[in-house]
Amino acid sequence: MATGETVTFAVDGSSAAGYLATPTDGANGIGLIVVHEWWGLNDHTKDIARRYADAGFAALAPDLYDGVVTKDPQEASRRMRALDADRAIAVLNAGVERLASTAGVRSDRLGVTGFCMGGSFALLLACR
């Protein structure tokens, strides 16, 4: 069973947080950024990260909403529209650096996946 913890990392002179899930028997060398949906970094996204870790990957889910999680679709929509895309990409890039420094992860073996809003940011991260 994978373990997970909240971690922080530096972003442009400030900090961000994320949920890092790692395999109990060590990562297979591959790290994966998991970008959350418009709800925020909720328990479901953390569970996805742990399931990737159960499969041998180190998985980091950066928090693009600074700790805010909602179940209300209207609030989620407001949060998504208010999200500064440049700041979000900076957080994701810093998350990549944090993930690459994780024991058992090779910096040349990193990937990204995302869901709903996170899918768009996964594509933006790969392009930038």
>> Working note: L20 + L99, criterion side-chain contact (heavy atoms from CB on, under 4.5 Å); need CA distance, chi angles, decisive distance, verdict.
In response: CA-CA 8 Å; L20 177 64; L99 183 59; 4.1 Å; yes
>> Could you go through D72 and R78, starting from their C-alpha distance and side-chain angles, then the distance that decides it, and tell me whether this counts as side-chain contact (heavy atoms from CB on, under 4.5 Å)?
In response: CA-CA 10 Å; D72 177 26; R78 280 192 295 275; 4.3 Å; yes
> Going through the checks in order, is the side-chain contact (heavy atoms from CB on, under 4.5 Å) test met by V96 and L125?
Replying inline: CA-CA 10 Å; V96 167; L125 177 62; 4.1 Å; yes
>> Quick one, V34 with F115, criterion side-chain contact (heavy atoms from CB on, under 4.5 Å). Give me CA distance, side-chain angles, the key distance, then yes/no.
In response: CA-CA 8 Å; V34 180; F115 304 89; 4.2 Å; yes
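Criterion: ILVMFWY side-chain heavy atoms under 4.5 Å apart, direct or through other members. Under it, L92 and L83 are part of a common hydrophobic cluster. Both V11 and V68 belong to a single network of hydrophobic side chains, linked directly or stepwise wherever heavy atoms of I, L, V, M, F, W or Y lie under 4.5 Å apart. A continuous path of hydrophobic side-chain contacts links I48 to L32 [ILVMFWY only; heavy atoms under 4.5 Å]. Under the 4.5 Å side-chain contact rule for hydrophobic residues, L110 and V112 share a cluster. No single ILVMFWY cluster, assembled from side-chain heavy atoms under 4.5 Å apart, contains both V69 and M80.
With sequence neighbours excluded, the residues satisfying ring pair (Phe, Tyr, Trp, His ring centres under 6.0 Å) with Y65 are H36.
Between W39 and P73 the shortest side-chain heavy-atom distance falls below 4.5 Å. Side-chain contact between M117 and L64: present, with at least one pair of heavy atoms (C-beta onward) separated by less than 4.5 Å. Contact of the V105 side chain with the F57 side chain is not registered, since no non-hydrogen atoms from C-beta on lie closer than 4.5 Å. Within the 4.5 Å cutoff, the side chain of R87 has heavy atoms near those of the S14 side chain. Side-chain contact between I33 and V35 is present, with heavy atoms from C-beta onward closer than 4.5 Å. Two residues are said to be in side-chain contact when any heavy atoms from C-beta on lie closer than 4.5 Å; D47 and R51 meet this criterion.
Of all non-hydrogen atoms in A16 and V91, the two that sit nearest each other are CB-CG1, 4.0 Å. For the residue pair A17 and T6, the shortest heavy atom distance occurs at CB-CG2, 4.4 Å. Of all heavy-atom pairs spanning A122 and G114, the tightest one is CB-N, 3.9 Å. Closest heavy-atom contact between T22 and A58: CG2-CB, 4.3 Å. What you find for L60 and G95 is that their closest heavy atoms are CD2-O, 3.2 Å. Scanning both residues, T45 and E37, for their nearest heavy atoms gives OG1-N, 4.5 Å.
Among residue pairs with one or both ends in residues 114-124, none qualify as salt bridge (Lys or Arg N to Asp or Glu O under 4.0 Å); sequence neighbours excluded. Among residues at least two apart or in separate chains, salt bridge (Lys or Arg N to Asp or Glu O under 4.0 Å) pairs with a member in residues 119-128 are D86-R128.
Side chain of R79 to main chain of E75: no donor-acceptor pair is present (N/O by atom type, distance under 3.5 Å, no hydrogens or angles).
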